[in-house]
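In what follows, a structure is listed as structure tokens, so that the remarks can point back to it.
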Amino acid sequence: MKYYFSGIGGIGMSSLALYLAYKHGITSVLGSNNEMNERVEYLIKKGIKVKLNQDSNLPDIDFLIKTTAIKDTNPELIEAKNRKIAIISRMQLLNSILQEHTSIGITGTDGKTTTTAMVSQIFKNAGKDPTVFLGGIHDSLEDGNFRFGNGIVIAEVDESDGFIEKTETNFSIINNLRPDHLEHYNNEFEKLESSLYKFAKNTKELVILNGDDVHLNKWHLNEKKVLYFGQSEKADYIIKNRHQYNGYQVFEIYHKNTYIGDITLNLPGLHYAYDALASTALSLELGIEFSTIKETFHRYNSVGRRFNILYDKDNLSIIDDYAHTPDEILETIKATKEYFPKRKIITIFQPHRYTRLYFHINDFIDVLKYSDEVLVYRIYSAFEEPINGVDEKKVVEALNSQATFSKYYNSEDEIISDLLQEKNAVLLFVGAGDITDIAKKLSKNKKNLDIS
């Protein structure tokens, strides 16, 4: 059998490609991508053939795997249909893998990548030999975003395109639920909520829910075993007495009124504490000793682009973070203030997708005001077509009108040149697009200047 991945360089597609390559052999997997990226380079090094364009010249294949980003006009998809090649979506393939094994599915609007990485590292350290599908890069996984094992399957489950309602796992975590990716749900939050509710209903053995989430704690899942985590009285697993200490955050975990132990985590912010709490709850319920969990968190390193401190010297720090929804950005700014309480916070924000800015522009303005200054970089379209009236410069205008200094940049060189002059500040880069390249180049320039 030959499996062809159209858009193989995506973080979810590349992990599935690696799974099939390990299972059926490297030569059974091939694919295409419109650009070279880190994952494509890695797959090529592993021996997987990747074509750097998507024309109609398809090789002899049995299956074509695609994502929702592959439109009906895509030449590869048209050719596959003409040749009656079986076409499978990315989530259909992942769902089939999850149903074939004992599995854990982790989802939610925010925090699912970090929680998946935490759970997988705990299970790995406990000797469970998990197979892991991660929506980011983590140094604990042999292939960055993937690990091939013989034990339980742990997967980050994407809620963005609606396929999640057909996902079935033995165990699941839902971190939170917020109105995002509504373009795939006919712009109706209720349809997004319905999909995640069906995912929870499909979970066979245990669902771990955020009991502090206003949407999740209203669900009725009486026929399932459901446990809650959070700070409220409703929670089964509770976090208390959280504080920052010597660059770490420390907090206590209780099961109901019973003290379990304390966790030390090298990441600031309540949102990361919640991710750790959900991971702890599931791990304890599945029989893992708390000592293993505690040791895992003490040595835990963040996923790529999750509060990554790229530069930290002479009261100037550069942080790269994937936060791209209003809630994620707010939590990241709060965490930055918690970690650097006496520093000026300059947030460099790149809007991600026209649809997201269209739906949430006022929310972005409200959360960005928590920074001392905001620099707005040109929008990253993620292959979306522009929407009439959607303009990232409106964020700048609104912030300036509300006494938060803001400036728009269309040039990478200009923003780097200006930021090289900053002192006594934290430069917080947020966004899911190519803003990360600017953060890395700026850090490299600063390090070169230090040497010279």
Side-chain angles (χ1 to χ4, degrees), residues 38 244 246-247 266-269 302 304-326 328-352 357 361 363-381 391-452:
E38 185 273 338
Q244 196 74 24
N246 284 346
N266 186 25
L267 284 170
S302 62
R305 303 213 59 218
R306 271 68 174 182
F307 206 81
N308 292 159
I309 300 177
L310 304 180
Y311 180 89
D312 189 21
K313 185 177 180 182
D314 299 331
N315 291 322
L316 181 72
S317 301
I318 300 172
I319 300 173
D320 183 27
D321 198 283
Y322 189 72
H324 58 283
T325 68
E328 287 175 333
I329 291 171
L330 177 59
E331 292 300 327
T332 303
I333 293 171
K334 286 182 177 179
T336 305
K337 287 176 173 285
E338 186 176 283
Y339 201 79
F340 299 100
K342 298 181 180 180
R343 299 263 199 97
K344 177 173 71 172
I345 309 297
I346 301 175
T347 298
I348 303 91
F349 165 62
Q350 181 184 42
H352 183 258
L357 190 59
I361 185 167
D363 297 322
F364 281 120
I365 293 164
D366 287 343
V367 303
L368 288 167
K369 288 188 296 187
Y370 282 81
S371 304
D372 297 294
E373 297 180 11
V374 179
L375 309 184
V376 178
Y377 189 56
R378 63 173 182 252
I379 194 168
Y380 188 83
S381 69
D391 187 349
E392 61 270 45
K393 299 183 188 70
K394 291 182 179 179
V395 176
V396 174
E397 294 167 5
L399 288 169
N400 281 321
S401 71
Q402 297 176 44
T404 299
F405 174 81
S406 185
K407 183 177 179 181
Y408 175 75
Y409 288 86
N410 189 47
S411 163
E412 178 182 293
D413 292 338
E414 184 182 358
I415 198 170
I416 289 176
S417 176
D418 281 3
L419 289 175
L420 279 172
Q421 311 307 314
E422 287 293 341
K423 297 179 180 179
N424 300 318
V426 178
L427 307 180
L428 175 62
F429 288 80
V430 295
D434 56 6
I435 189 76
T436 182
D437 298 331
I438 300 178
K440 291 171 183 174
K441 288 179 183 178
L442 177 63
S443 300
K444 184 177 180 181
N445 286 350
K446 286 295 298 180
K447 290 172 183 177
N448 288 338
L449 288 172
D450 292 343
I451 295 172
S452 62

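When reading the values below, keep in mind they use all heavy atoms of this one structure, side chains included, and skip hydrogens, waters and symmetry mates. Just so it is clear, the model here is predicted, and its values are computed rather than measured.
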Is the closest side-chain heavy-atom distance between [X] and [Y] below 4.5 Å?
{"X": "Phe429", "Y": "Gln350", "answer": "no"}
{"X": "Asp418", "Y": "Leu375", "answer": "no"}
{"X": "Val430", "Y": "Ile435", "answer": "no"}
{"X": "Ile319", "Y": "Phe340", "answer": "yes"}
{"X": "Val396", "Y": "Lys407", "answer": "no"}
{"X": "Asn445", "Y": "Leu420", "answer": "yes"}
{"X": "Leu357", "Y": "Val395", "answer": "yes"}
{"X": "Ile309", "Y": "Tyr339", "answer": "yes"}

Just by modelled atom types, is the [Y] backbone N or O under 3.5 Å from a matching donor or acceptor in the [X] side chain?
{"X": "Asp372", "Y": "Ile345", "value": "yes"}
{"X": "Ser406", "Y": "Asn400", "value": "no"}
{"X": "Lys337", "Y": "Tyr370", "value": "yes"}
{"X": "Thr332", "Y": "Glu328", "value": "yes"}

Distance (rounded to the nearest 0.5 Å) between [X] [atom1] and [Y] [atom2]:
{"X": "Tyr311", "Y": "Asp450", "atom1": "OH", "atom2": "CG", "result": "3.5 Å"}
{"X": "Asn246", "Y": "Asn266", "atom1": "CG", "atom2": "CG", "result": "11.5 Å"}
{"X": "Phe364", "Y": "Leu330", "atom1": "CZ", "atom2": "CG", "result": "11.5 Å"}
{"X": "Glu414", "Y": "Tyr408", "atom1": "CD", "atom2": "OH", "result": "10.5 Å"}
{"X": "Lys393", "Y": "Arg378", "atom1": "NZ", "atom2": "CZ", "result": "11.0 Å"}
{"X": "Leu267", "Y": "Phe307", "atom1": "CG", "atom2": "CZ", "result": "7.5 Å"}

- [ ] Check the pair Asn424 / Lys344 against side-chain contact (heavy atoms from CB on, under 4.5 Å), numbers first and verdict last.
- [x] CA-CA 7 Å; Asn424 300 318; Lys344 177 173 71 172; over 6 Å; no
Task: Presence of salt bridge, Lys441 and Asp434, under 4.0 angstrom - done: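 Looking at Asp434 and Lys441, the cut-off is not met.
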- [ ] Let me see the working for Ile348 and Leu419 under side-chain contact (heavy atoms from CB on, under 4.5 Å), right down to the final yes or no.
- [x] CA-CA 10 Å; Ile348 303 91; Leu419 289 175; 4.0 Å; yes
Nearest heavy-atom neighbours spanning [X] and [Y]:
{"X": "Asp363", "Y": "Pro326", "result": "CB-CG, 3.6 Å"}
{"X": "Ile365", "Y": "Ala398", "result": "CD1-CB, 3.4 Å"}
{"X": "Arg343", "Y": "Ser317", "result": "NH1-OG, 3.1 Å"}
{"X": "Gly269", "Y": "Ala335", "result": "CA-CB, 3.7 Å"}
{"X": "Pro351", "Y": "Ile379", "result": "O-CG1, 3.5 Å"}
{"X": "Asp320", "Y": "Lys440", "result": "OD2-CE, 4.4 Å"}

Open item on the list: Evaluate Thr404 against Leu368 for side-chain contact (heavy atoms from CB on, under 4.5 Å), listing each step before the verdict.
Closed with: CA-CA 9 Å; Thr404 299; Leu368 288 167; over 6 Å; no
TODO: Using side chain to side chain donor-acceptor pair (under 3.5 Å) as the criterion, list what pairs up with Thr347, not counting sequence neighbours.
DONE: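 So Thr347 forms a side chain to side chain donor-acceptor pair (under 3.5 Å) with Ser371.
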